[in-house]
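Please read the structure below before turning to the comments.
Throughout, protein chains are lettered first and strands after them, A, B, ... in sequence-line order, and every chain is numbered starting at 1.
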Amino acid sequence: MRALTHRWPTSVTQARALQERLRERVVCTDRLRRVRYVAGVDVGFEAEGEITRAAVAVLGFPDLRLREYAIVRRRTRFPYVPGYLGFRELPAVLEALKRLQLRPDLLVCDAQGYAHPRRVGLASHLGLVAGLPSIGAAKSRLIGTHAPVPRRRGCWRPLLDAGEIIGAALRTRTGVKPVYVSIGHRVSLPTAIGYVLRLTPRYRLPETTRAAHALASHGEPLRTNSATGRHAAGSPSGA
DNA sequence: GCGACAG
DNA sequence: ATCTTGTCGC
């Protein structure tokens, strides 16, 4: 289970061809070790999108305390095209992952994984190139349909596409909009749902996502999480 | 041709 | 994603 490597396409046509090859490598079953560190990944933009800012926040599990983080800024090289998000955001994310001293046991992305037209959304793509188990927990839907989800926390309905279960619309907190959970890589859907629930003790979005988001947009950790350990060398800068 | 469309 | 304050509702 080594990390897979590839070049970064410039065109959508090229990117689509790559996704068609990547999809065969996605592992939909549980192939993860005991989770001690869960990493949240998020990306923001500066200068009208010309600069990509990637942040990774590593939390202890199950305590959810921030242990380490890294922020990287890079020139944006690929446009936003629905279905090709990984090509736009992952180069910077991988750079941030490299700066960590800790090796996360699981990655949580604020994007789709398997719930994608070709079954290789950003979360799956990242799992493959990082060589780590991953899951997708998106705020909104890319594709698929689902029945109404009961309003209680923990309730979910399968997200369907062409008769296949590609993910789940999960109520992470009572009364809030569902979060779209899908497998990324080396994790089963039930396991992915389980982790997302354990990562949402208080808010709609996973603590991992919230921690990474705070770093990617404000450049500093959430007050409630301030790191106990060391941070990645050189916080809000990057190559 | 007409919508839909992660971040 | 980003531009941005207050405001409606539980």
Subject >> Residues A:R21, A:E24: salt bridge by 4.0 Å N-O rule >> reply: no
Round to the nearest Å and state the distance from [X] atom [atom1] to [N] atom [atom2].
{"X": "A:L90", "N": "C:dA1", "atom1": "CG", "atom2": "P", "answer": "16 Å"}
{"X": "A:H116", "N": "B:dA4", "atom1": "NE2", "atom2": "C1'", "answer": "14 Å"}
{"X": "A:R74", "N": "C:dA1", "atom1": "CZ", "atom2": "P", "answer": "21 Å"}
{"X": "A:Q112", "N": "B:dA4", "atom1": "CD", "atom2": "C1'", "answer": "14 Å"}
{"X": "A:E48", "N": "B:dG7", "atom1": "CD", "atom2": "P", "answer": "22 Å"}
{"X": "A:R88", "N": "B:dA6", "atom1": "CZ", "atom2": "P", "answer": "13 Å"}

Short side-chain donor-acceptor distance under 3.5 Å, [Y] and [X]:
{"X": "A:S124", "Y": "A:R23", "answer": "no"}
{"X": "A:T209", "Y": "A:D110", "answer": "no"}
{"X": "A:H146", "Y": "A:Y180", "answer": "yes"}
{"X": "A:T76", "Y": "A:T52", "answer": "yes"}

Original post:
How long is the span from the CG atom in A:L18 to the CZ atom in A:R118, to the nearest 0.5 Å?
Top reply: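 The CZ atom of A:R118 is 10.5 Å from CG of A:L18, to the nearest 0.5 Å.
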**OP:** Pick base, sugar-phosphate or nothing for A:Y80, based on heavy-atom distances below 4.0 Å to the nucleic acid.
**Re:** base
**OP:** Have a look at A:Y84 and say if it touches a base, only the backbone sugar-phosphate, or nothing, with a 4.0 Å heavy-atom cut-off.
**Re:**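 If one applies the 4.0 Å heavy-atom cut-off, A:Y84 turns out to touch a base.
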Subject >> Pi-cation contact, A:F45 with A:R88 (under 6.0 Å, within 45°) >> reply: yes
On the nucleotide [N], are OP1 or OP2 found under 4.0 Å from the side-chain N or O atoms that [X] carries?
{"X": "A:S140", "N": "B:dC5", "answer": "no"}
{"X": "A:K139", "N": "B:dG7", "answer": "yes"}
{"X": "A:R141", "N": "B:dC5", "answer": "yes"}

**OP:** List in numerical order all residues of residues 167-176 of chain A for which some heavy atom is under 4.0 Å away from an atom belonging to DNA chain B.
**Re:**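 Listed by number, there are none.
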Original post:
So with a 6.0 Å cut-off around CZ of A:R36, is the heavy-atom count from everything else above 12?
Top reply: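 It does not: A:R36 CZ has 12 such atoms or fewer within range.
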Subject >> Residue A:L94 excluded, over 12 heavy atoms near CG under 6.0 Å >> reply: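 More than 12 heavy atoms, drawn from other residues, nucleotides or ligands, come within 6.0 Å of this atom.
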**OP:** Using both pair distances under 3.5 Å as the test, note the stems of at least 3 consecutive Watson-Crick or G-U pairs that include DNA chain B.
**Re:**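 Nothing qualifies as a stem here.
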